[in-house]
Amino acid sequence: MKAGASVDLAPPRGMRDFYPHQAGLREILFNTWSHAARCHGFERYDACIVENLSLLKRKAGEEIVDQIYAFRDKSQRELALRPEITPSLARMVCAGWNDLTFPLKWFSIGQCFRYERMSRGRKREHYQWNLDVIGAPGPAPEVELLTTALSATEELGLGPAIRVHISNRELLSDLLAYAGIPAEHHAALFLVLDKRGKLSDDAITDMLVDSGFTTEAAAKVFELFELDSLDAVRRLLGRTTAALEHSAAVFEGLTTYGWENRICFDLSVVRGLNYYTGTVFEAFDVDRRFRAVFGGGRYDHLLEHIGGRPAPAVGLGFGDVVVTEIMNEIGCAPSVPAAADTVVGYMEADQSAIALRVAHQFRRLEERVDLAMGPEKARAFFGRANHTGARYAIYIGPDDVKTGHIRRKDLEQRTETTISLRDLTGDAS
Ligand code: HAM
């Protein structure tokens with residue numbers, strides 16, 4: 001490129017830059033996620049961002065290549081930027097099996113890349129908080145995962161704005177079998193039904209008819225979605241099933257935690273990923289104006305599928321994009337703290353050494369201090385200090401050095417405290 005020719009200043013399509021304020025918000029979100037995970041006894045892990053393409057294909061088939069960033073390295077290895085962390089987690093657990101203690105409760109926060117059609121709430125890169133429990137078959141892992149995610153939404157001030165819609169693929173299978181649809185069609189049906197909300201019911205009916213269902217069978221499937229409680233399912237089936245009991249226990253556990261107003265039974269949640277086996281859930285804003293805030297479910301066969309030992313597993317992914325959109329929309333986005341508590345400046349080069357020692361001393365007292373890069377006029381210094389949002393400002397001039405005292409201004413209260421340089425730095429100059 002010719003020197004001076006302009007470059008495109010926008011990031012590549014679907015990617016984001018984070019200016020300090022946005023990076024600050026993201027840091028608060030990550031801290032909230034980690035705090036909630038640690039409070040609930042999850043251990044942190046991390047996986048590589050570049051993954052073997054064969055692992056992703058094993059999990060999702062050849063067509064995944066069109067939906068991800070896949071490439072060859074210089075040695076012609078087939079690789080991809082990970083679209084999610086679950087396959088890498090499964091790989092790590094299979095590889096480390098003999099050294100791990102089960103059930104394991106792990107969390108991670110990592111960037112994922114998907115070659116998505118861009119829409120509101122969907123980018124080509126996002127950060128995802130993952131919570132997974134591997135090695136526990138009962139309903140307890142679902143309860144622990146969901147209570148962890150819900151407490152993070154609570155901590156972010158979103159509590160009543162979010163509701164988790166919970167279903168169970170096995171239960172839907174029980175109902176489909178009851179409606180006369182043979183089991184071999186269920187997996188394909190789940191993937192079509194996941195498009196509900198994105199496509200009209202008529203379009204979905206057409207897809208079902210195209211794949212061999214009668215219009216009556218398709219209508220029966222839609223009728224099932226009217227069932228709005230586990231009791232209604234029990235009444236229709238006229239009996240209980242293992243999936244029904246499992247789901248009832250999940251609701252009971254979450255109710256014991258006090259989340260009964262934040263959860264609902266919703267058979268229409270099936271989830272697009274084909275590895276889910278039982279419980280599936282997605283969290284949405286109550287007005288359903290945004291895409292899913294988080295989603296997950298039980299994937300009891302994934303480890304075995306990639307060559308490991310069979311192990312029950314359940315997990316969720318919670319992205320940074322939608323939750324930030326909702327926080328901004330309802331005005332509960334946390335305020336990002338200023339970069340420094342105290343700004344230290346000085347009038348002339350002669351005072352630079354003392355300003356440096358003052359800054360150093362406050363930093364040793366655990367204060368966050370921003371030291372001026374050079375001498376400044378008082379007006380310029382205080383204008384800048386106010387702009388940074390710092391609480392305190394210390395401006396050192398020749399008279400302060402002479403008297404051996406500096407003044408620390410509280411920019412919020414508009415008060416001033418005098419501090420002896422001898423007390424602060426141990427000497428008077
Ligand atoms: P997922 O539903 O594909 O599940 O993604 C989980 C969450 O990640 C979504 O609810 C959303 O918050 C966020 N997300 C996904 N794609 C995008 C995107 N293109 N732009 C912005 N945000 C996005 C999974 O990924 C599963 N691996 C979760 C899981 C963990 N299941 C078991 N363990």
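Everything numeric in this text was worked out from a predicted model, so none of it was measured. We number each residue from 1, following the sequence as shown. In what follows, every heavy atom counts, from backbone to side chain, and hydrogens, waters and symmetry copies are set aside.
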Decide whether [X] and [Y] meet the rule of one side-chain donor and one side-chain acceptor closer than 3.5 Å.
| X | Y | result |
| --- | --- | --- |
| N130 | Q128 | yes |
| Y127 | R26 | yes |
| H126 | Q111 | no |
| T279 | E142 | yes |
| Y299 | D132 | yes |
| S173 | H186 | yes |
| E144 | Y257 | yes |
| D231 | S229 | no |
| Q67 | E116 | no |

With a 4.5 Å limit on heavy-atom distance, are the side chains of [X] and [Y] in contact?
| X | Y | answer |
| --- | --- | --- |
| H301 | T277 | yes |
| D350 | V401 | no |
| W259 | E154 | yes |
| F42 | W106 | no |
| Y395 | M347 | yes |
| K409 | R414 | no |
| R58 | H305 | yes |
| T425 | H360 | no |

field: CA sep, side-chain torsions, deciding dist, call: D228, F265, side chain to side chain contact (heavy atoms under 4.5 Å, CB included)
entry: CA-CA 6 Å; D228 59 2; F265 174 68; 5.7 Å; no
For residues [X] and [Y], report the shortest heavy-atom separation together with the two atoms involved.
| X | Y | answer |
| --- | --- | --- |
| H405 | T403 | ND1-O, 3.1 Å |
| I394 | F381 | O-CZ, 3.5 Å |
| M92 | A47 | SD-CB, 3.8 Å |
| L55 | S88 | CD2-N, 4.0 Å |
| L156 | C332 | O-SG, 3.6 Å |
| L199 | A203 | CB-CB, 4.2 Å |

Donor-acceptor pair, [X] side chain versus [Y] backbone, under 3.5 Å?
| X | Y | value |
| --- | --- | --- |
| Q351 | E348 | yes |
| D285 | F290 | yes |
| D287 | R289 | no |
| S151 | T147 | yes |
| N328 | E325 | no |
| S420 | R422 | yes |
| N52 | S54 | no |
| T388 | A390 | yes |
| R298 | Y276 | no |

Could you tell me whether [X] and [Y] make a salt bridge, using a distance below 4.0 angstrom between a side-chain N and a carboxylate O?
| X | Y | answer |
| --- | --- | --- |
| R271 | D194 | no |
| R368 | D341 | yes |
| R309 | E304 | no |
| R72 | E78 | yes |
| E43 | K105 | no |
| R82 | E51 | no |
| D320 | K123 | no |
| E84 | R114 | no |

Spacing of [atom1] belonging to [X] relative to [atom2] belonging to [Y], to within rounding of 0.5 Å:
| X | Y | atom1 | atom2 | answer |
| --- | --- | --- | --- | --- |
| T418 | D400 | OG1 | CG | 9.5 Å |
| E282 | L316 | CD | CG | 11.0 Å |
| N168 | L230 | CG | CG | 9.0 Å |
| I85 | R91 | CD1 | CZ | 11.5 Å |
| H40 | L146 | NE2 | CG | 11.0 Å |
| Y346 | S352 | OH | OG | 5.0 Å |

- prompt: CE of M373: more than 12 outside heavy atoms within 6.0 angstrom?
  reply: no
Atom CD of E27 with >12 non-hydrogen neighbours under 6.0 angstrom: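 Not buried by this count: 12 neighbours or fewer within 6.0 Å.
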task: Under the side chain to side chain contact (heavy atoms under 4.5 Å, CB included) rule, what do I306 and C94 come out as? Steps first, then yes or no, please.
output: CA-CA 8 Å; I306 65 162; C94 291; 3.9 Å; yes
message: Using side chain to side chain contact (heavy atoms under 4.5 Å, CB included), reason through N31 and W33 one step at a time and then give a plain yes or no.
response: CA-CA 5 Å; N31 288 343; W33 283 343; over 6 Å; no
task: Kindly confirm or rule out a cation-pi arrangement of R288 over F284, judged by NZ or CZ under 6.0 Å from the six-membered ring centre and within 45° of its axis?
output: yes
- prompt: With a distance cut-off below 6.0 Å to the six-membered ring centre and an angular limit of 45° from the axis, does R124 pair with Y115 as a cation-pi contact?
  reply: yes
message: Before you tell me yes or no, could you show the steps for R408 and E416 under salt bridge (Lys or Arg N to Asp or Glu O under 4.0 Å), namely the whole-Å CA-CA distance, both residues' side-chain angles and the distance that decides it to 0.1 Å?
response: CA-CA 6 Å; R408 188 186 201 217; E416 194 173 276; over 6 Å; no
message: Checking D370 against V344 for the side chain to side chain contact (heavy atoms under 4.5 Å, CB included) test, could you report, in this order, the C-alpha distance in whole Å, the side-chain angles of both residues, the deciding distance, and whether it holds?
response: CA-CA 6 Å; D370 175 35; V344 176; over 6 Å; no
message: Pair D46, S108 - check side-chain hydrogen bond (donor to acceptor under 3.5 Å, both in side chains), show working.
response: CA-CA 6 Å; D46 213 347; S108 71; 5.5 Å; no
